[in-house]
Amino acid sequence: MFALVDCNNFYASCERLFRPSLEGRPVVVLSNNDGCVVARSNEAKALGIPMGAPYFRYAAVLRRADAAVFSSNYALYGDLSRRVMQVLAGFSPRIEVYSIDECFLDLTGVRDPTALGLEIARTVRRWTGIPVAVGIAPTKTLAKLANRLAKKGYGPTGPVLDWSELQDQDAVLGAVPVEDLWGIAARSGARLRALGIADALALREAHPQRLRASFGVVVERIARELRGQACLALEEVAPPRRQVMVSRSFGAAVSAPAELRAAVTAFASRAGEKLRSQGLAAPALTVFVQTNPFDTGRAFYANAVTLGFPVPTQDSTALVRAATRGVDRLFRAGDAYRKAGVLLPDVVPAEQAPADLFAEVGEDDRARRRMAVLDAVNRKYGRETLRFAGQLSGSGWRRRSERGSGVSTTRWAGLATVRAG
DNA sequence: TCTGGGGTCCTAGGACCC
DNA sequence: TCTGGGGTCCTAGGACCC
């Protein structure tokens, strides 16, 4: 038996946490470059703002509705997520942290799952301030669905729905569009509809073998899970990462090669930090650049190049050197670049990486110590306190973030102030 | 003016082996 | 008319997730 606990409008709820005055007001949170709406409170959803909508298209609507608009603050969301997961871990011996705002719990053997679900929702709310919904079912796919329904008010006594307690399951499934299921999006949805499979009930009744032949094993599993046959297990330990990526859209177009190099230097350096913090090493680095894909007046240019290392590395110096060398090969004069990134494919655990037979004696060790110092300084005094000189060649690419709340649970200066009396 | 970032899994097809 | 059988590895691209 699975429970899926999902935080309601997570980023919006985080921003609201320290501002009770935002209760009842529409709240939205924007993506990295203040570009898209990535979280909406219920009031914002009611305004008809779609998920992922470009902000500039809805700015006027939001202003008229007196909405609160925030740039994203991942340090805050990450910290609140950890707190929520910590509370959830107290309710089940086996949990799977599925995403920043979702967690599966193993409820096998629980006598009254609905009562436990209500207790979970109450406790998370009281201890962290974040509202959640709980879906309970014998498969993950049904638990996801039950969670959606719980948020819509199907639960008899609160934001909790146990699928097996639901009357007329078939009627409910018949009213769920096939694209609302976990794992089915627009493409597969359209193809399923063309075969007359438009809702969850029709998918459940379809022949698994035929689904497999036309759509592959993923859709077959979903159909089986709708019947209550569990195909997806709880994964307590996340498998090791296979790639590391750092990429950003630019706050303003970049045309100077030195500034493009400055941007990928920052990305490669950040990628190195990620590698070291996760104990990984990269055998190669891909750097990519692109112009504005939405500009219909100019030809779109996107290109990438991959460079290999003699042995897998976690040294930022090597990553930065490869990234800048790569970007020099990609750069075309006259283009206005809007985005670039660094991708480290096929990463391996650092202890499995062989040493470089041809490196100077002691160089490996010196490089490791340099990186240890870099990380220690930046951990203590803040990201990019110590950085590569190449980054000084320009910072016009940096993101717009004009609406940050400044609230933090991880910096003294950002803590909320409470006045009594 | 203005459009995110970071991932995973699956499949088909090519290339190769004995 | 007619051309074996069984397998692995790699890659690109599609599709999906939050």
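Atom set for the values below is all heavy atoms of this structure, side chains included, hydrogens, waters and symmetry mates excluded. Just so we're on the same page: letters track the sequence lines, and every chain starts at 1.
- Taking A:N9 as the reference, A:N42, A:K45 meet the side-chain hydrogen bond (donor to acceptor under 3.5 Å, both in side chains) condition, with sequence neighbours excluded.
- Phosphate contact (OP1/OP2 of B:dG6, side-chain N/O of A:R241, threshold under 4.0 Å): absent.
- The side-chain hydrogen bond (donor to acceptor under 3.5 Å, both in side chains) check on A:R276 picks up A:S316, A:D375, with sequence neighbours excluded.
- Among residue pairs with one or both ends in residues 268-301 of chain A, none qualify as ring pair (Phe, Tyr, Trp, His ring centres under 6.0 Å); sequence neighbours excluded.
- Remark: A:R338 does not engage A:D295 in a salt bridge, criterion side-chain N to carboxylate O under 4.0 Å.
- Remark: A:N33 is not in phosphate contact with B:dG4, judged by side-chain N or O atoms under 4.0 Å from OP1 or OP2.
- Take A:T313 and apply the side-chain hydrogen bond (donor to acceptor under 3.5 Å, both in side chains) test, not counting sequence neighbours, and it matches no residue.
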For nucleotides 8-18 of chain C, just jot down a letter per nucleotide in 5' to 3' order: B, S or -, based on protein non-hydrogen atoms under 4.0 Å. -------SSSS
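- In terms of modelled atom types and a separation under 3.5 Å, the side chain of A:D335 and the main chain of A:Y337 share no donor-acceptor contact.
- Taken together, the paired segments of DNA chain B that extend over three or more consecutive Watson-Crick or G-U pairs, each closer than 3.5 Å at both contacts, are B:5-18 with C:5-18.
- Residue A:Q243 places its side chain closer to B:dG7 than to any other of B:dT3, B:dG4, B:dG7.
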Which pairs of donor and acceptor atoms, one on a side chain in residues 75-85 of chain A, lie under 3.5 Å apart (sequence neighbours left out)?
| residue | atom | partner | partner atom | Å |
| --- | --- | --- | --- | --- |
| A:Y77 | OH | A:E15 | OE2 | 2.7 |
| A:Y77 | OH | A:N73 | N | 3.3 |
| A:D79 | OD2 | A:R83 | NE | 3.3 |
| A:D79 | OD2 | A:R83 | NH2 | 3.0 |
| A:D79 | OD2 | A:T409 | OG1 | 2.5 |
| A:S81 | OG | A:I100 | O | 2.6 |

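- Within the 4.0 Å cut-off from OP1 or OP2 of B:dG4, not a single side-chain nitrogen or oxygen of A:S72 is found.
- Scanning residues 284-294 of chain A for heavy-atom distances under 4.0 Å to DNA chain C yields an empty list.
- A:R399 comes within 4.0 angstrom of nothing in the nucleic acid, heavy atoms only.
- Looking at heavy-atom distances under 4.0 Å, A:R212 makes no contact with the nucleic acid at all.
- A:E225 and A:K144 are not joined by a salt bridge, as no carboxylate oxygen comes within less than 4.0 angstrom of a charged side-chain nitrogen.
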Could you give the side-chain donor-acceptor pairs of residues 53-70 of chain A under 3.5 Å, partners two or more places apart or in another chain?
| residue | atom | partner | partner atom | Å |
| --- | --- | --- | --- | --- |
| A:Y55 | OH | A:R403 | NH2 | 3.3 |

Donor-acceptor pairs are to be reported for all side-chain atoms of residues 195-218 of chain A against protein atoms at under 3.5 Å, with residues two or more places apart or in another chain.
| residue | atom | partner | partner atom | Å |
| --- | --- | --- | --- | --- |
| A:D199 | OD1 | A:L201 | N | 3.0 |
| A:D199 | OD1 | A:A202 | N | 2.8 |
| A:R204 | NH1 | A:D170 | OD1 | 3.0 |
| A:R204 | NH2 | A:D170 | OD1 | 3.3 |
| A:R204 | NH2 | A:D170 | OD2 | 3.4 |
| A:H207 | ND1 | A:R210 | NH2 | 3.3 |
| A:R212 | NH1 | A:E220 | OE1 | 2.9 |
| A:S214 | OG | A:R210 | O | 3.3 |

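- Taking 4.0 angstrom as the limit, A:R400 places none of its side-chain polar atoms (N or O) nearer than this to OP1 or OP2 of B:dT1.
- A distance-only check finds no donor-acceptor pair linking the side chain of A:E235 to the backbone of A:E96 [under 3.5 Å].
- Side-chain atoms of A:N378 and A:R383, non-hydrogen and from C-beta on, never get closer than 4.5 Å to each other.
- Within residues 222-233 of chain A, no residue places a heavy atom under 4.0 Å from DNA chain C.
- In this view, A:S255 satisfies the side-chain hydrogen bond (donor to acceptor under 3.5 Å, both in side chains) rule with no residue, not counting sequence neighbours.
- C:dC18 and B:dT3 have their P atoms separated by 25 Å, given to the nearest Å.
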